[in-house]
Engineer: 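First the structure, then my questions, so here it is.
Residue numbers start from 1 in every chain, and the chains themselves are labelled A, B, ... in the order their sequence lines are given, proteins ahead of strands.
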Amino acid sequence: MSAHTLMEITPTTFAPPIADKPAQADSEVHQTLIDIANLDFFYGETKALHDISLKIPEKEVTAFIGPSGCGKSTLLRCLNRMNDLIDIARVDRGTIRIRDIDIYQPDVDVIELRKRVGMVFQKSNPFPKSIYENITYGLRLQGVSAKSRLDEVVERSLRGAALWDEVKDRLHESGLSLSGGQQQRLCIARAIAVEPEIILMDEPCSALDPIATARVEELIHELKSKYTIVIVTHNMQQAARCSDRTAFFYLGRLVEYADTQTIFMKPSDAQTEAYVSGRFG
Amino acid sequence: MKSTERHIYSLRPSFHRRVEGAVVWVLRIATLIILVAGLAVFGDIIFKGSRTVFQTSFPFVNVAFLTEAPKTLYVFEHEGASFEMADDDFRAFRTGLEEEAAAAGLPAPQLKTKSYVYSAGGVFPNIVGTILLVMGSMTIALSLGVASAIYLNEYAKQGPVVRFIRLAILNLAGVPSIVFGLFGFGMFVIYFGWNVSLLAGWFTLAFMVLPVVITASEEALKAVPKGFREGSLALGATKWQTIRKAVLPYATPGILTSSILGIARVAGETAPIMFTAAYVVRDKLPWEVERAIDFLFQGVMALPYHIYVVSSKIPQNEYSERVQYGTAFVFLGIVAIIATTSIVLRNRLRSRYRW
Ligand SMILES: Nc1ncnc2c1ncn2[C@@H]1O[C@H](COP(=O)(O)OP(=O)(O)OP(=O)(O)O)[C@@H](O)[C@H]1O
Ligand SMILES: [Mg+2]
């Protein structure tokens with residue numbers, strides 16, 4: 001099937017999401033942590049997400065893939081309500097539950113939510129402060145100021161982000177003095193310093209060279225034992241390498257969601273197959 | 001091949017190269033005119049002013065000019081010599097002569113004097129007044145301006161209302177300063193009943209520079225990368241925590257840059273303070289008040305107004321010219337000192353909060 005004909009497929013011909021297929025009943029079933037149900041999302045008058053339903057399991061890596069502009073970042077930013085920052089953005093219908101709490105209820109404390117759902121951005125964005133201050137930023141906000149506790153968290157977070165050995169002698173130098181890959185790992189360290197439950201990553205490796213990318217991927221693998229990770233990526237190999245489950249989006253719709261293996265080896269949707277095999281997107 | 005075709009290494013300039021050359025010259029001459037005009041203005045003030053402020057003998061600076069209040073100058077001849085004396089010296093001198101004459105039983109000598117107001121003494125109260133006006137009005141302008149810039153840029157929902165407010169603020173920047181003077185007079189001096197006072201001057205001048213401060217502060221806030229805000233919010237910071245820790249420190253150098261321009265304007269404007277804060281002459285210095293509260297409600301002397309007062313004396317004479325240029329020179333010096341201090345401060349902040 002050519003890319004040309006794919007674009008002409010109307011939304012109604014999409015296969016229904018297959019998130020609840022019993023096929024995933026393998027030995028390591030994790031509980032659902034994030035439950036997105038029938039989500040419609042608008043930027044002003046433009047509908048960016050159409051009826052998304054998706055269950056993300058705990059302590060696994062879930063990858064969002066799809067061509068540019070299909071709404072991956074939008075959905076990711078719904079999970080910690082970063083979209084609240086955009087005046088025209090709104091969730092029109094549907095719910096997102098994290099541990100059975102609907103995070104779009106008016107009485108939800110967004111600050112608490114964001115402490116539990118950390119985020120790493122596409123463009124690494126360390127503050128122009130020292131490495132130490134970058135990591136302790138979140139804790140200081142919460143009023144933690146005991147030096148011993150901060151020191152401990154800095155070491156733990158940097159070790160957790162596989163950065164400790166590289167920076168342990170220069171903790172008081174600017175975070176901006178690090179290389180691009182180190183900066184991105186610093187941002188990951190900063191995120192895990194506040195001990196979130198979930199870490200959202202929006203194309204965390206898109207600005208990194210292959211070696212730095214490999215290190216971050218390794219890190220994602222290690223973090224999985226403690227955190228639930230949702231990662232947006234344009235890199236098929238990356239999704240295949242480091243995720244357990246993969247969701248394929250197209251034009252604001254969830255086309256297919258399954259085990260990463262299934263998505264890459266025997267996708268049930270023709271579009272998914274075309275995309276993962278690099279024939280469009 | 002046409003005969004007119006030129007070799008690419010031809011030495012004869014082509015039409016386009018001649019136009020290019022002419023354009024460069026037009027631009028160069030325009031710059032030169034500005035340079036000459038600038039040099040003429042500064043040269044004139046520095047040349048004439050330095051004759052008043054500096055002197056050839058120790059201590060090389062005319063200390064009296066910088067530390068005394070303006071006085072009336074008396075010029076007269078006595079026993080073949082010509083004298084120039086400030087009013088207090090002159091009175092002492094005349095009393096001395098009268099006593100001498102009385103002791104000798106002679107009639108007191110009649111001195112034929114010419115007096116020139118403000119041409120003796122110095123400009124100390126004016127320096128003090130200008131510094132007070134600058135400090136107070138910049139404090140008010142920066143606190144109000146930065147606060148509203150933060151609100152407009154970080155909190156307010158961007159829409160037609162905010163756009164309209166921005167437009168209004170921009171237009172306010174084009175309002176002539178005399179209009180601000182009138183506004184301040186009607187509002188603070190008359191309606192609030194503050195009379196001609198430091199407080200009324202502070203608010204009038206602050207309102208005058210507010211548009212510049214707000215606009216520039218907004219620019220400085222916009223220049224802070226979005227990533228800092230998102231990074232901070234994603235770590236569970238409130239909006240205010242984010243602004244305080246991840247936005248304002250990096251916007252401060254930019255805000256200061258604009259306020260440096262504001263300082264020069266506030267220090268130099270005559271029209272807004274003419275009806276609101278400035279006294280032609282006042283014997284007491286600002287800190288010589290009975291109650292602390294009176295400090296705010298006293299008028300002050302100021303350098304630009306002094307230049308105006310002295311220069312508008314007709315006929316002009318060599319004595320008042322000395323004061324005019326001396327005052328202008330001191331004024332430039334003070335603005336330069338304040339601006340340099342702010343620039344140093346800004347550069348230190350900038351090197352600390354660079355990204
Ligand atoms: N702030 C915004 N205001 C208006 N529309 C937006 C905004 N951000 C995104 N959109 C639109 O929403 C749609 C989805 O965008 P989104 O950024 O989620 O795509 P994406 O899948 O992350 O793409 P990419 O892979 O290029 O990052 C796009 O059509 C985009 O134009
Ligand atoms: Mg994106």
Side-chain angles (χ1 to χ4, degrees), chain A residues 44 73 76-77 79-88 109-130 133-143 157 174-177 183 186-196 198-202 207, chain B residues 148-166 218-257 345-355:
Chain A
S73 301
L76 194 72
R77 293 164 63 93
L79 302 181
N80 65 346
R81 288 185 57 175
M82 279 308 261
N83 284 327
D84 290 11
L85 305 185
I86 301 165
D87 286 339
I88 56 169
D109 182 351
V110 184
I111 304 303
E112 275 311 311
L113 172 71
R114 294 198 187 128
K115 279 183 208 159
R116 292 193 196 153
V117 186
M119 189 162 205
V120 176
F121 298 83
Q122 173 171 8
K123 195 164 166 290
S124 68
N125 59 349
F127 302 118
K129 305 174 190 280
S130 71
E133 284 176 82
N134 261 286
I135 306 234
T136 55
Y137 187 91
L139 285 179
R140 282 182 192 278
L141 291 176
Q142 300 171 23
S157 312
S174 167
L176 296 181
S177 65
Q183 287 191 16
L186 176 62
C187 291
I188 295 174
R190 185 174 75 181
I192 61 183
V194 293
E195 297 182 32
I198 301 165
I199 303 176
L200 310 173
M201 300 185 176
D202 195 348
Chain B
S148 65
I150 289 175
Y151 179 75
L152 288 176
N153 200 52
E154 310 284 330
Y155 285 97
K157 200 172 166 135
Q158 304 300 316
V161 181
V162 166
R163 268 206 303 281
F164 175 77
I165 294 174
R166 282 216 182 87
E218 273 209 79
E219 291 302 317
L221 289 170
K222 282 202 181 80
V224 176
K226 208 170 98 212
F228 294 3
R229 294 182 179 85
E230 290 190 331
S232 170
L233 290 167
L235 287 168
T238 63
K239 216 157 181 175
W240 176 234
Q241 285 173 323
T242 300
I243 290 167
R244 225 177 53 227
K245 298 188 154 195
V247 179
L248 259 191
Y250 310 108
T252 311
I255 294 172
L256 281 183
T257 306
L345 181 72
R346 180 200 63 188
N347 289 351
R348 280 181 51 182
L349 281 176
R350 190 182 271 171
S351 59
R352 195 163 133 216
Y353 293 118
R354 205 177 20 210
W355 73 84

Engineer: Top residue by heavy-atom pair count (under 4.5 Å) with chain A, among Gly236(B), Pro249(B), Ala246(B)?
Structural biologist: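 Among Gly236(B), Pro249(B), Ala246(B), the one with the most close pairs to chain A is Gly236(B).
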Engineer: Is any side-chain N of the basic residue among Glu154(B) and Arg229(B) closer than 4.0 Å to the acidic one's carboxylate O?
Structural biologist: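 Result for this pair is yes, salt bridge flagged.
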Engineer: Between Glu133(A) and Phe127(A), is the side chain to side chain contact (heavy atoms under 4.5 Å, CB included) condition met? List the steps.
Structural biologist: CA-CA 9 Å; Glu133(A) 284 176 82; Phe127(A) 302 118; over 6 Å; no
Engineer: Please check: side-chain N/O of Asp202(A) versus main-chain N/O of Val120(A), any donor-acceptor pairing under 3.5 Å?
Structural biologist: no
Engineer: What part of Ile111(A) gets closer than 4.5 Å to chain B, counting heavy atoms only: side chain, backbone, both or neither?
Structural biologist: both
Engineer: With a 4.5 Å cut-off on heavy-atom pairs, point out which of Ile88(A), Leu141(A), Leu113(A), Leu85(A) contacts chain B the most.
Structural biologist: Leu141(A)
Engineer: Give a yes or no answer on whether the side chain of Arg114(A) reaches the backbone of Asn80(A) with a donor-acceptor pair at less than 3.5 Å.
Structural biologist: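 Yes, the answer is positive, given that a donor and an acceptor are paired below the 3.5 Å cut-off.
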Engineer: For Val117(A), which atoms come within 4.5 Å of any heavy atom of chain B: side chain, backbone, both, or neither?
Structural biologist: backbone
Engineer: Let me see the working for Ile243(B) and Ile150(B) under side chain to side chain contact (heavy atoms under 4.5 Å, CB included), right down to the final yes or no.
Structural biologist: CA-CA 8 Å; Ile243(B) 290 167; Ile150(B) 289 175; 3.9 Å; yes
Engineer: Could you tell me which non-hydrogen atom of Ala191(A) sits nearest to which non-hydrogen atom of Pro196(A), and how far apart they are?
Structural biologist: O-CD, 3.2 Å
Engineer: With chain A, which of Ala234(B), Ala237(B), Gly227(B) has the greatest number of heavy-atom pairs at distances under 4.5 Å?
Structural biologist: Ala234(B)
Engineer: Report yes if the side chains of Arg244(B) and Thr238(B) come closer than 4.5 Å at any heavy-atom pair, otherwise no.
Structural biologist: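 Not in contact.
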Engineer: Counting only heavy atoms closer than 4.5 Å, note whether Lys245(B) contacts chain A via side chain, backbone, both or neither.
Structural biologist: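 Both backbone and side chain of Lys245(B) come within 4.5 Å of chain A.
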Engineer: Side chain, backbone, both or neither: which part of Arg116(A) has an atom under 4.5 Å from a heavy atom of chain B?
Structural biologist: neither
Engineer: Between Lys226(B), Lys157(B), Lys239(B), which shows the greatest number of heavy-atom pairs under 4.5 Å with chain A?
Structural biologist: Lys157(B)
Engineer: Considering only heavy atoms, which portion of Pro126(A) lies under 4.5 Å from any heavy atom of chain B: side chain, backbone, both, or neither?
Structural biologist: backbone
